[in-house]
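Notes follow the structure.
All values below were derived from every heavy atom in this structure, side-chain atoms included, with hydrogens, water molecules and symmetry-related copies excluded. These numbers were taken from a predicted model, which means no experiment stands behind them.
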Amino acid sequence: MQQSDASGPRSPELYSFPAGLNYTWEEDRKFILRGWSLVFSILATLMVLSVVDGRMAYVQGSYTGYMGIWTDCRKHKCASLGQVTVLIHMSMGLMILALTLCLILLSSMGLSFRPVFRRLTKIDLVFSFLSFSIGFLIVLSLTLFVVNCETLQPRPRVSYLVTTYLCWGSGALMLWAGALSYLNHAGMWSKRTVSLGWQVSHRRWTLQQNSLRSMFKQQSDTDRTTPWTFPAHPHPRGTPGQASPSNCFSGH
C-alpha cells in the first residue's frame with residue numbers, strides 16, 4: 001500500500017492567488033478614496049453653511065456695522081450702505097448656487113456606495129467636476145465680497161470675522177476633494193502601493209480560505225498518522241509439493 005506524501009503537491013485553490021482579488025482590491029480602493037472625498041465634502045459644506053449667520057465682516061468708519069451676504073439687520077447692527085451693491089448680489093447668487101451643488105454632491109456620493117451604482121465607471125469624474133465647481137464658486141463669491149468691502153467710499157476699516165475664514169477654508173477643502181476624486185478616477189494609486197484597501201482585500205481573501213485550508217490540513221494529518229498495513233499470512237520459502245527457489249537450481 002502506497003502512503004500519501006504530505007510534502008506532495010498542494011491544492012492550487014489554497015496557494016494560488018485568486019483572479020477576482022485584483023478587481024476586489026480596485027473596488028475597495030475606490031470606495032475608500034471616495035469615502036475620504038465624501039468626508040472632506042461634508043466638512044466643507046458645514047464650514048460654508050456658517051455664511052448663513054450673515055456676519056462676515058465688521059466695518060468701522062462712515063459705515064459702522066456688520067456686513068455679509070445674508071445679514072439679518074433685526075438681530076445684528078448692519079452697516080448702512082443705503083443699498084445693496086451689484087457685487088453683493090453677484091456674491092449672493094454664486095453662494096446659493098454653490099450650496100445647491102453641495103446638496104446634490106453629498107446626496108449623489110452617499111448613494112454611490114449602493115451596489116446598484118457600482119457599475120458606473122465615470123462617477124468619480126462627475127464628483128470631481130462637481131467638487132471643483134463648488135470650490136471655484138465659493139472662492140469667486142468670497143472674492144466679490146472682499147472686493148465690495150475694499151472699494152467702499154470713503155474707505156472704512158474692515159475687520160473680517162471667523163465666518164469669512166471658514167468659507168475660505170471650505171473652498172480649499174472642496175477643491176482638495178475634487179482633486180482626490182479625480183485621482184481616484186485616474187487610478188493614480190497602483191497595486192505597488194501598499195494601502196489600506198489592499199490589506200482589507202487580502203484579509204477578506206484569507207478569511208474565505210480558512211475553512212478550505214483547515215480541511216486540507218486535517219486530511220494531511222490523517223494520512224501522515226495512518227500505519228502501514230502488511231499481509232496477514234506471508235508466503236513461506238517452501239511448502240510441501242512446491243519446490244523452493246533454491247532447489248530449482250540444484251543438480252538434484
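- Across all their heavy atoms, Ser41 and Ala177 have their closest contact at OG-CB, 3.6 Å.
- The distance from atom CD1 of Ile32 to atom OG of Ser37, rounded to the nearest 0.5 Å, is 14.0 Å.
- Counting only distance, with no hydrogens or angles, the side chain of Thr64 and the backbone of Gln60 share no donor-acceptor pair below 3.5 Å.
- Closest approach of Phe31 and Ser112 over heavy atoms only: CE2-O, 4.5 Å.
- Side chains of Arg114 and Leu111 form a contact here, defined as non-hydrogen atoms less than 4.5 Å apart.
- Using a 4.5 Å cut-off on side-chain heavy atoms (C-beta onward), Leu94 and Phe145 make no contact.
- Looking at Ser107, its side chain does come within 3.5 Å of a backbone N or O of Ile104 through a donor-acceptor pair.
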Between Ile138 and Ser170, does the side chain to side chain contact (heavy atoms under 4.5 Å, CB included) criterion hold? Intermediate values first, please.
CA-CA 8 Å; Ile138 294 175; Ser170 67; 3.9 Å; yes
Check the pair Val59 / Tyr66 against side chain to side chain contact (heavy atoms under 4.5 Å, CB included), numbers first and verdict last.
CA-CA 6 Å; Val59 181; Tyr66 292 101; over 6 Å; no
Step-by-step side-chain hydrogen bond (donor to acceptor under 3.5 Å, both in side chains) determination, Ser91 to Ser141
CA-CA 4 Å; Ser91 178; Ser141 176; 2.8 Å; yes
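- By the 4.5 Å heavy-atom criterion applied to side chains, Leu173 and Met47 are counted as neighbours.
- Applying the 6.0 Å contact sphere to CH2 of Trp176 captures no more than 12 heavy atoms from other residues, nucleotides or ligands.
- Transitive grouping of hydrophobic side chains (ILVMFWY, heavy atoms separated by less than 4.5 Å) keeps Ile88 and Tyr58 in distinct clusters.
- Classified by interplanar angle (parallel below 30°, tilted 30° to 60°, perpendicular above 60°), the ring pair Phe136/Phe132 is parallel.
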Test log, rule side chain to side chain contact (heavy atoms under 4.5 Å, CB included), inputs Lys30 and His185
CA-CA 8 Å; Lys30 284 182 175 295; His185 167 73; 5.6 Å; no
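- Within the 4.5 Å cutoff, the side chain of Val158 has no heavy atoms near those of the Met67 side chain.
- Looking at heavy atoms from C-beta onward, Met56 lies in side-chain contact with Ile69 at the 4.5 angstrom threshold.
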Stepwise, does the side chain to side chain contact (heavy atoms under 4.5 Å, CB included) test hold for Val48 with Met95?
CA-CA 9 Å; Val48 78; Met95 190 62 69; 3.7 Å; yes
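- Proximity of Leu180 to Arg34: side-chain heavy atoms (C-beta onward) are nowhere separated by under 4.5 Å.
- Residues Ser50 and Thr163 bring no donor and acceptor atom of their side chains to less than 3.5 Å of each other.
- A single hydrophobic cluster is not seen to contain both Leu175 and Met109; linkage of ILVMFWY side chains at heavy-atom distances under 4.5 Å, directly or through other members, places them apart.
- The CG atom of Leu130 sits 9.5 Å away from atom SG of Cys102, with the distance rounded to the nearest 0.5 Å.
- Closest heavy-atom contact between Leu49 and Leu99: CD2-CD2, 3.9 Å.
- By the neighbour-count criterion of 12 heavy atoms within 6.0 Å, atom CZ of Phe129 is sparsely surrounded, having that number or fewer from other residues, nucleotides or ligands.
- Atoms CG and OH, on Asp124 and Tyr182 in that order, are 12.0 Å from each other to the nearest 0.5 Å.
- Taking hydrophobic clusters as Ile, Leu, Val, Met, Phe, Trp and Tyr residues chained together by side-chain heavy-atom distances below 4.5 Å, Phe40 does not share a cluster with Leu103.
- Going from atom SG of Cys167 over to atom OH of Tyr165 covers 12.0 Å, rounded to the nearest 0.5 Å.
- Here the side chains of Trp70 and Met92 are in contact, with some heavy-atom distance below 4.5 Å.
- The shortest distance between side-chain heavy atoms of Trp36 and Asn184 does not fall below 4.5 Å.
- In this structure, the separation between CG on Asp53 and CG on Leu161 is 8.5 Å, given to the nearest 0.5 Å.
- We find the CD1-CG distance between Ile42 and Leu38 to be 4.0 Å, quoted to the nearest 0.5 Å.
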